[in-house]
Undergrad: 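Got a structure here, written out as structure tokens. Questions coming.
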Amino acid sequence: MRLPEPRGPLSEALVSDLATRTELSPATLEQARRAAAGPAEALTDDDLQLALAVCYELHYRGFDGVSDDWEWNPALIGARAGLERRHEAALRDLVGDVPVTDGPIDQQLTALIAADDGPSLSSYLSKQGSLEQWREYLVLRSVYHLKEADPHTFAIPRLSGRAKAAMVEIQADEYGGGSAERMHSELFAGLMRDLDLDAGYGALWDEAPAVAFASVNTMSLFGLHRRRRGAALGHLTAVEMTSSEPSRRYSAGLRRLGFDERTTVFYDEHVEADAVHEQIASVDMCGSLVAEEPGLAADVLFGAATSLALDGLAATHLLGAWQAGRSALRPQADLAA
């Protein structure tokens, strides 16, 4: 994967250092300090979100021409920590206070999801989304779906017992049950190719808006920090509990545009898999975690709330742009491969 195009002074300095240096420059450290102390709109800050995504990507597949030694560079980790604090503060502002009761955690998760009143992007794309709007949606989602299960998988070594076994069961399905061509990331890549998009890993980062990175950066934040293991499980559970019916609608939208089951297989797979995963995630995984560590209930609910809120943020961004008659992506020449 190539390094992305910078979006501001922080990402410009960071990308330059990764490409040409072995340590962060004083200028980059100063830009990171300023970004960490910036205003609260972190989740829609293109420069900050891209910089954070670049830092996290060093833990995934890295970048062409960038030394693997950067992954655990102490100065880079320190600069990233400041950006993470600003990002997490913005998440807290976004979701507000998430009430916690003494009831079973699966019931609390169900109530939290039932109370969500965010806009339905799947309903729009099912009934009236154009081909070009579909392509924009896939560009945004590609930042996540081309790595799909990986951010949550970081949490597995931080668990034990039934919670760990349940998460492994869910993630094994995400990875195709041992079949490379059935991995959900590969099914999504096939969907992209059918809509004439470049399905290369990270190929469309330059077109994706900040909200696309905010969602994945949140998953990486939760997965890479042991103290946020409860939030990682809550986030994954919200994804599993809220994707089955929307996936059915997304599949219907593609069929409306003339695509067949070869293209819709990504969503068809989620209709079936996530209906099963819902109980495994909420009862077996989160239920077991909270039974073992009751103090993590608040984190589980916080993670679930961030998943719902960030989905709403992305839907608002897309629908707002389309209703205004403009593209929801950053200006670029051509999305096609």
Side-chain angles (χ1 to χ4, degrees), residues 3-4 6-15 17-18 23-25 27-63 66 70-96 98 143-144 147 150-155 157-158 205 208-236 238 296 298-307 309-310 313-314:
L3 281 164
R7 302 187 180 185
L10 172 59
S11 55
E12 182 175 14
L14 176 61
V15 165
D17 282 359
L18 293 179
E23 290 291 338
L24 289 184
S25 66
T28 302
L29 291 171
E30 176 60 19
Q31 289 296 339
R33 186 195 66 76
R34 291 181 181 179
E41 295 82 5
L43 302 177
T44 55
D45 185 325
D46 263 317
D47 192 27
L48 184 146
Q49 289 300 327
L50 180 64
L52 196 51
V54 167
C55 290
Y56 284 141
E57 190 58 36
L58 297 170
H59 295 294
Y60 293 99
R61 304 192 196 181
F63 298 99
V66 173
W70 276 108
E71 180 179 6
W72 295 108
N73 180 276
L76 181 60
I77 296 296
R80 191 188 82 191
L83 304 181
E84 288 176 328
R85 286 191 292 272
R86 184 179 165 200
H87 180 91
E88 187 167 351
L91 291 175
R92 297 284 180 184
D93 289 341
L94 179 66
V95 304
V98 183
V143 177
Y144 165 52
K147 58 165 50 86
D150 294 347
H152 292 124
T153 297
F154 278 124
R158 311 175 192 285
W205 270 32
V211 290
F213 294 100
S215 178
V216 185
N217 286 341
T218 298
M219 299 180 212
S220 297
L221 170 69
F222 293 162
L224 285 166
H225 291 271
R226 185 178 182 278
R227 67 184 177 88
R228 287 289 171 249
R229 62 195 181 280
L233 269 61
H235 189 287
L236 173 58
L296 293 182
D299 269 358
V300 169
L301 294 170
F302 171 66
T306 62
S307 176
L310 288 169
L313 197 66

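Heads up: numbering here begins at 1 and tracks the sequence.
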Undergrad: Rounded at 0.5 Å granularity, tell me how far CG in Leu29 sits from CD in Glu23.
TA: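 Between Leu29 CG and Glu23 CD, I get 9.5 Å after rounding to 0.5 Å.
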Undergrad: Mind checking whether Pro4 and Val54 have side chains closer than 4.5 Å, heavy atoms only?
TA: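 Pro4 reaches Val54 side chain to side chain.
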Undergrad: Rounded to the nearest 0.5 Å, how far apart are CZ of Arg85 and CZ of Arg80?
TA: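 Result: 11.5 Å between the selected atoms.
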Undergrad: What I'd like to find out is whether the side chain of Leu94 reaches to under 4.5 Å of the side chain of Leu310, using heavy atoms alone.
TA: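 Of all side-chain heavy-atom pairs linking Leu310 with Leu94, at least one is under 4.5 Å.
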Undergrad: Do Ser220 and Tyr60 have side-chain heavy atoms sitting under 4.5 Å apart?
TA: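 Side chain of Ser220 against side chain of Tyr60, heavy atoms only: contact under 4.5 Å found.
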Undergrad: Only counting residues at least two apart or in another chain, list the ones meeting ring-ring contact (aromatic ring centres under 6.0 Å, His included) with His225.
TA: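 ring-ring contact (aromatic ring centres under 6.0 Å, His included) list for His225, sorted by chain: empty.
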Undergrad: By salt bridge (charged side-chain N to carboxylate O under 4.0 Å, His left out), which residues pair with Glu12, not counting sequence neighbours?
TA: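 Here no residue qualifies.
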Undergrad: Answer yes or no: is there a side-chain heavy-atom contact under 4.5 Å between Phe213 and Leu52?
TA: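 Phe213 vs Leu52: side chains apart.
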Undergrad: Measuring from Leu296:CG to Arg227:CZ, what's the distance to the nearest 0.5 Å?
TA: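 Leu296 CG to Arg227 CZ: 12.5 Å, rounded to 0.5 Å.
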Undergrad: Short question: side chain of Asp299, backbone of Ala231 - any donor-acceptor pair under 3.5 Å?
TA: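 Not at all, since once roles are kept as given, no pair shorter than 3.5 Å links the two residues.
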Undergrad: Heavy-atom count check: over 12 atoms from other residues, nucleotides or ligands less than 6.0 Å from Arg226 CZ?
TA: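 At most 12 heavy atoms, drawn from other residues, nucleotides or ligands, come within 6.0 Å of this atom.
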Undergrad: Can you list the steps and then say if Leu76 with Leu58 is a side chain to side chain contact (heavy atoms under 4.5 Å, CB included)?
TA: CA-CA 11 Å; Leu76 181 60; Leu58 297 170; 3.3 Å; yes
Undergrad: Quick one: ring-ring contact (aromatic ring centres under 6.0 Å, His included) partners of Trp70, sequence neighbours excluded?
TA: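 Partners of Trp70 under the ring-ring contact (aromatic ring centres under 6.0 Å, His included) test: none.
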Undergrad: For the pair Ser215 (side chain) and Ala212 (backbone), establish whether a donor and an acceptor sit closer than 3.5 Å, ignoring hydrogens and angles.
TA: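 Flag not set: sc Ser215 to bb Ala212 has no pair under 3.5 Å.
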Undergrad: Check step by step if side chain to side chain contact (heavy atoms under 4.5 Å, CB included) holds for His59 and Trp72.
TA: CA-CA 9 Å; His59 295 294; Trp72 295 108; 3.5 Å; yes
Undergrad: Can you tell me which residue among His235, His152, Glu88 is in a side-chain contact (heavy atoms from CB on, under 4.5 Å) with Phe222?
TA: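 In the set His235, His152, Glu88, the residue that makes a side-chain contact (heavy atoms from CB on, under 4.5 Å) with Phe222 is His235.
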Undergrad: Let me know which of Leu50, Val66, Leu10, Leu3 forms a side-chain contact (heavy atoms from CB on, under 4.5 Å) with Val15.
TA: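 Among the candidates, only Leu3 passes.
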Undergrad: Pick one: which of Arg34, Arg86, Arg7 meets salt bridge (charged side-chain N to carboxylate O under 4.0 Å, His left out) with Asp45?
TA: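 Going through Arg34, Arg86, Arg7 one by one, the salt bridge (charged side-chain N to carboxylate O under 4.0 Å, His left out) with Asp45 is satisfied by Arg86 alone.
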Undergrad: Measure up the Phe63 and Trp205 rings against each other and bin them: parallel (under 30°), tilted (30 to 60°), perpendicular (over 60°).
TA: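 Phe63 and Trp205: perpendicular rings.
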Undergrad: Roughly how far, to the nearest 0.5 Å, is CG of Asp47 from CG of Leu83?
TA: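 Here the interatomic distance stands at 9.5 Å.
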Undergrad: Taking it one step at a time, do Leu14 and Leu24 satisfy side chain to side chain contact (heavy atoms under 4.5 Å, CB included)?
TA: CA-CA 8 Å; Leu14 176 61; Leu24 289 184; 4.1 Å; yes
Undergrad: To the closest 0.5 Å, what do you measure between CE (Met219) and OH (Tyr56)?
TA: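 So the CE of Met219 and the OH of Tyr56 are separated by 12.5 Å.
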Undergrad: Quick one: does any side-chain atom of Arg33 pair with a main-chain N or O of Ala79 as donor and acceptor, under 3.5 Å?
TA: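 Flag not set: sc Arg33 to bb Ala79 has no pair under 3.5 Å.
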Undergrad: About how many Å separate NE2 of His87 and CG of Leu48, when rounded to the nearest 0.5 Å?
TA: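 Answer for the CG-NE2 pair, Leu48 versus His87, is 8.5 Å.
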Undergrad: Minimum heavy-atom separation for Ala90 and Leu43, please, with both atom names.
TA: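 Shortest heavy-atom separation between Ala90 and Leu43 comes out as CB-CG, 3.7 Å.
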Undergrad: Ignoring hydrogens and angles, tell me if any N or O in the side chain of Gln49 forms a donor-acceptor pair with the backbone of Thr44 under 3.5 Å.
TA: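 Absent.
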